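In what follows, a structure is listed as structure tokens, so that the remarks can point back to it.
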2 protein chains.
Amino acid sequence: MNIGDVAARSGIPPKTIRYYEDIGLVTPPRDTNGYRVFRETDMHKLAFMGRARALGFTIENCRNLLALWEDKERASADVRNIAKEHLAQIETKIADLNAMRDTLKTLVSSCSGDNRPECPILNNLATIANG
Amino acid sequence: MNIGDVAARSGIPPKTIRYYEDIGLVTPPRDTNGYRVFRETDMHKLAFMGRARALGFTIENCRNLLALWEDKERASADVRNIAKEHLAQIETKIADLNAMRDTLKTLVSSCSGDNRPECPILNNLATIANG
DNA sequence: GATAAGGTTTCCAGTGACTGGAAGGTCAAG
DNA sequence: CTTGACCTTCCAGTCACTGGAAACCTTATC
């Protein structure tokens, strides 16, 4: 399989696949013409990457998960810990965004949004500490 | 005021303040020794930036908001539109993160997390499309 | 055999919003 | 006069790609 086929099948753009090779996540051999030749295992790894990234795991997380995935002796606790920590980070991020949203929503609804210059949003940004 | 004082008062690190000068958000004059001299208006702008950034506005958003803030003739609708669009983006992000969290939560709770290698998290990442 | 389209290669540079670090100039206190 | 804290500039790195250029390869058509 050439890079284009893998890209189509995995949903990961060719550029990104090359980048993943650069950072050592996949190591497809080369054909005599220099083209990368992707095996089924490479394909699987990339699909795995796509799903893990879609769940917001960092590249380093993915690297660890891939290693665990390939390690038939791994303890599921190791995987679970990575996922749990990631889950905690996501929840923190959600909480932060919720706070932002609430503040913004209040500001937006307090602003008349007409042609007058009076604007509570700017007033707030200018003077009041956000909580 | 020197950069350190402004940093302390605005909560923005000196490095970041210099960066903001680089990209033209503030333009403090210089003393004879080359030190930046921050006026009250610079201080206000930086405090404004700090709050707008804390609400997740991008630098370009902030640039626009600052311009509107300084424009006494502005229409509050302009500000409101920026804020509303930003609000919509935040809500999209929250929805994405919520979906991630739900998936991850399910995966984490389905994994025994012991010494055995059997792990639903890896199985999922390896084979099942995420929704 | 020529040619054109499309796929592949490498390499370099840019994104956003900083942040770290090095090398050096300045200032106030003791 | 030295110490230490502050300030300056510049360069490089972060994260995870993404865009673009220039050149090579393959396939199809004429």
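No experiment lies behind these values; they were computed from the predicted model shown. Only this structure's heavy atoms are used, side chains among them; waters, hydrogens and symmetry mates stay out. Just so we're on the same page: letters track the sequence lines, and every chain starts at 1.
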Whether the side chain of S76(A) engages the backbone of C119(B) through a donor-acceptor N/O pair (distance < 3.5 Å, no angle test) should be reported. no
Please give me the minimum heavy-atom distance between S112(A) and R80(B), naming the atom from each residue. C-CD, 4.2 Å
Walk me through it: do V6(A) and D42(A) pass the test side chain to side chain contact (heavy atoms under 4.5 Å, CB included)? CA-CA 9 Å; V6(A) 189; D42(A) 298 313; over 6 Å; no
R51(B) side chain to L125(A) main-chain N or O, any donor-acceptor pair under 3.5 Å? yes
In whole Å, I'd like the distance from the CD1 atom of I59(B) to the C1' atom of dT15(C). 14 Å
Min side-chain heavy-atom separation K45(A)-L66(A) under 4.5 Å: yes
Can you measure R30(A) atom CZ to dG7(C) atom C1' for me and round it to whole angstrom units? 14 Å
For DNA chain D, which residues in residues 13-28 of chain A have a heavy atom at a distance below 4.0 Å? P13(A), K15(A), T16(A), Y19(A), Y20(A)
Got a list of side-chain donor-acceptor pairs under 3.5 Å for residues 87-94 of chain B, not counting sequence neighbours?
unit_1: T92(B); atom_1: OG1; unit_2: A88(B); atom_2: O; d: 3.0

Measure across N61(A) and I82(A) and return the closest heavy-atom pair with its distance rounded to 0.1 Å. ND2-CG2, 3.8 Å
Whole angstrom value for the distance that separates C1' of dG6(C) from CD1 of I3(A): 15 Å
What pairs with E60(B) under salt bridge (Lys or Arg N to Asp or Glu O under 4.0 Å), at least two apart in sequence or on another chain? R63(B)
Short N/O separations, protein against nucleotides 25-28 of chain C, under 3.5 angstrom:
unit_1: dG25(C); atom_1: N2; unit_2: Y35(B); atom_2: OH; d: 3.1
unit_1: dT26(C); atom_1: O4'; unit_2: Y35(B); atom_2: OH; d: 3.4
unit_1: dC27(C); atom_1: OP1; unit_2: N33(B); atom_2: ND2; d: 3.1

Which pairs, with at least one residue in residues 28-76 of chain A and sequence neighbours excluded, count as a ring-ring contact (aromatic ring centres under 6.0 Å, His included)? F48(A)-W69(A), F57(A)-H86(A)
Outermost nucleotides of DNA chain D that come under 4.0 Å of a non-hydrogen atom of chain B: dC6(D) to dC10(D)
Has T16(A) got a side-chain atom pairing as donor or acceptor with I12(A)'s backbone, closer than 3.5 angstrom? no
